[in-house]
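Here is how names work: the chains are called A, B, and so on, in the same order as the sequence lines, proteins then strands, and each is numbered from 1.
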Number of protein chains: 2
Amino acid sequence: MIRQQLLMPSPEDLADFLNRHTRSRDCLVQVAGLAEVTYQGRAASTADVGTYLVVVKQDGSLQIHHPTGIKPMNWQPKTDSITARVDEDVCMLLASRRSPEELVQVVFLEPQMALALELAQAGGFVLRGSEAEMQQTLAEHPELIEPGLRVLNRELMVESGGIDLYARDAQGRYVVVELKRGRATQHAVSQLARYVRSVEGKLPAKAVVRGILAAPSITTPARLELENRGLEFREVSALPQATAAAGGPVAQPSLFD
Amino acid sequence: MIRQQLLMPSPEDLADFLNRHTRSRDCLVQVAGLAEVTYQGRAASTADVGTYLVVVKQDGSLQIHHPTGIKPMNWQPKTDSITARVDEDVCMLLASRRSPEELVQVVFLEPQMALALELAQAGGFVLRGSEAEMQQTLAEHPELIEPGLRVLNRELMVESGGIDLYARDAQGRYVVVELKRGRATQHAVSQLARYVRSVEGKLPAKAVVRGILAAPSITTPARLELENRGLEFREVSALPQATAAAGGPVAQPSLFD
DNA sequence: GGGTGTATTTCGGCG
DNA sequence: CGCCGAAGTACACCC
Ligand SMILES: [Mg+2]
Ligand SMILES: [Mg+2]
């Protein structure tokens, strides 16, 4: 599973190692050691000499980590070309990308270790509690939002964006539903207001369009803004245990029964 | 710089290794091999048996990478506790966090390699081309937005959020400026409209408040929406070479002279 | 801790 | 490719 490992490689050996294993596209390559990193593209950055961990995955994605933090200091999600070369007796790695035009350059001053790992098989991955899942559940059980609600569309595209759920209520009024898997903010209220406006613009002038923000909770300013605009809030939870934990024996039907 | 490395460690050795090096808080720890990962918190996920790379940094942050992609499959930015133990003859790693309550669990079925790296010194890091930098430059040179503009506040807090630049124009009218370092979208137009509304609410009823969206470019639907609402667009660039490359010898003054 | 906004956001989906 | 919106977003900043 360890394809190859080098300790304190020479610039030439490191460049060779990097070119070989990144081109094979079948292993994860990493280099740890003293380096200098520059980036130019949508923005630009420079990192002084320091000890970093450089990782190149099979798909050519590049990330450069400093000692702390979840996010890499520099990165490149997709690279059009990734090459190593020796220049002035140091090995440097150049990762470039068109559209957007970006370049990350790593100068390895004192590489301590280079490692190529075979990270072949990835198992299936399932995420639960996403907004998409909420949407599907609520499309199947719109009564969890309101009795008598009938869903007409999911992700209905209007000029201003995609309406999560487009529905009609028991009185036949059109309803725009904006979903949030987490606490709803003023941003969500803005979205909902925009969608309601778009729908009103497409319907006869007198038509009443309701707007419902459905989320597990809502911030205080968002609630105020929502009421100011004549829009509504409906509490729904993204995960089953959320309602169970909060309400003990659930009085209201859960999203995940 | 390599503190310790184990090849195909036993469950006991791996648990010991992980507990020792994650507690010392002075090195980056990684384990590669066959594993199973589950997560429960704001959402929930399961990853089937597969070959993953698990990284724990000095600050206790955890990331679990699959063979491709820039983003980790599972992660934990800050951990309140991170412990390894042996259960049913396998080593498992438990990373937990309160607020939000989250738990990541890694079951190492066939650990191939464990590595502890000293990634001590990090050099300085400088990023250029951020919106914050744009804001500072434009606060110092508001004439780049419009001749006669005087900036009153930066990040002025109103109910609906923070106004990037609050200013008065040559005719004494108040101006709300929303900045974007990249192409401006309908979201930016919504923000600007909200801020203008908030400011109008605080001023005498007759007061005219202008809204300017300043960005390198704007999407077509955003431009339409902007004009509908009586708001304005002004082209400004986040990085110096952007104007230089686009216009050759610059006729307009650059943000970075 | 609540609330808001930025990000080299990344990523997926749709026209 | 342009555009929009979600994300277990993370992260910084203010109140
Ligand atoms: Mg939505
Ligand atoms: Mg802003």
> Would you call Glu159(B) and Arg194(B) a salt bridge, taking side-chain N to carboxylate O under 4.0 Å as the test?
Replying inline: no

> Under the salt bridge (Lys or Arg N to Asp or Glu O under 4.0 Å) rule, what pairs show up with a residue in residues 37-50 of chain A, not counting sequence neighbours?
Replying inline: Arg42(A)-Glu102(A)

> CZ of Arg154(A) versus P of dA6(D): gap in Å, rounded?
Replying inline: 14 Å

> Expressed in whole Å, how much space separates the P atoms belonging to dC4(D) and dG8(D)?
Replying inline: 22 Å

> Looking at Gln186(A), does any N or O in its side chain come under 4.0 Å of the phosphate oxygens OP1/OP2 on dT4(C)?
Replying inline: yes

>> Using atom C1' in both nucleotides, what's the gap between dC11(C) and dA7(C) to the nearest angstrom?
In response: 14 Å

> Judged by atom type as modelled, is there a donor-acceptor pair below 3.5 Å linking the side chain of Glu225(A) to the main-chain atoms of Pro221(A)?
Replying inline: no

> Between Glu227(B) and Arg223(B), is the closest basic N to carboxylate O distance under 4.0 Å?
Replying inline: yes

> So which of residues 211-225 of chain B are in contact with DNA chain D, with a heavy-atom cut-off of under 4.0 Å?
Replying inline: Thr219(B), Thr220(B), Pro221(B)

> Taking CD from Gln136(A) and P from dA6(D), how many angstroms apart are they, rounded to a whole number?
Replying inline: 17 Å

> Using a cut-off of 4.0 Å between protein heavy atoms and nucleotide atoms, how would you tag nucleotides 6-15 of chain C 5' to 3' with B, S and -?
Replying inline: SSBSBS----

>> Restricting to non-hydrogen atoms, name the atom on Glu178(B) and the atom on Ala188(B) that form the minimum distance, rounded to 0.1 Å.
In response: CG-O, 4.2 Å

> With side chains defined as the heavy atoms from C-beta onward, is the minimum distance between Glu155(B) and Ile163(B) less than 4.5 Å?
Replying inline: no

> In terms of the angle between their ring planes, are Tyr174(A) and Tyr166(A) parallel, tilted or perpendicular, with boundaries placed at 30° and 60°?
Replying inline: parallel

> Looking only at side-chain N and O atoms, does Arg194(A) come under 4.0 Å of OP1 or OP2 in dG5(D)?
Replying inline: yes

> At their closest point, which heavy atom of Ala222(A) faces which heavy atom of Val189(A), and how far apart are they?
Replying inline: O-CG2, 3.6 Å

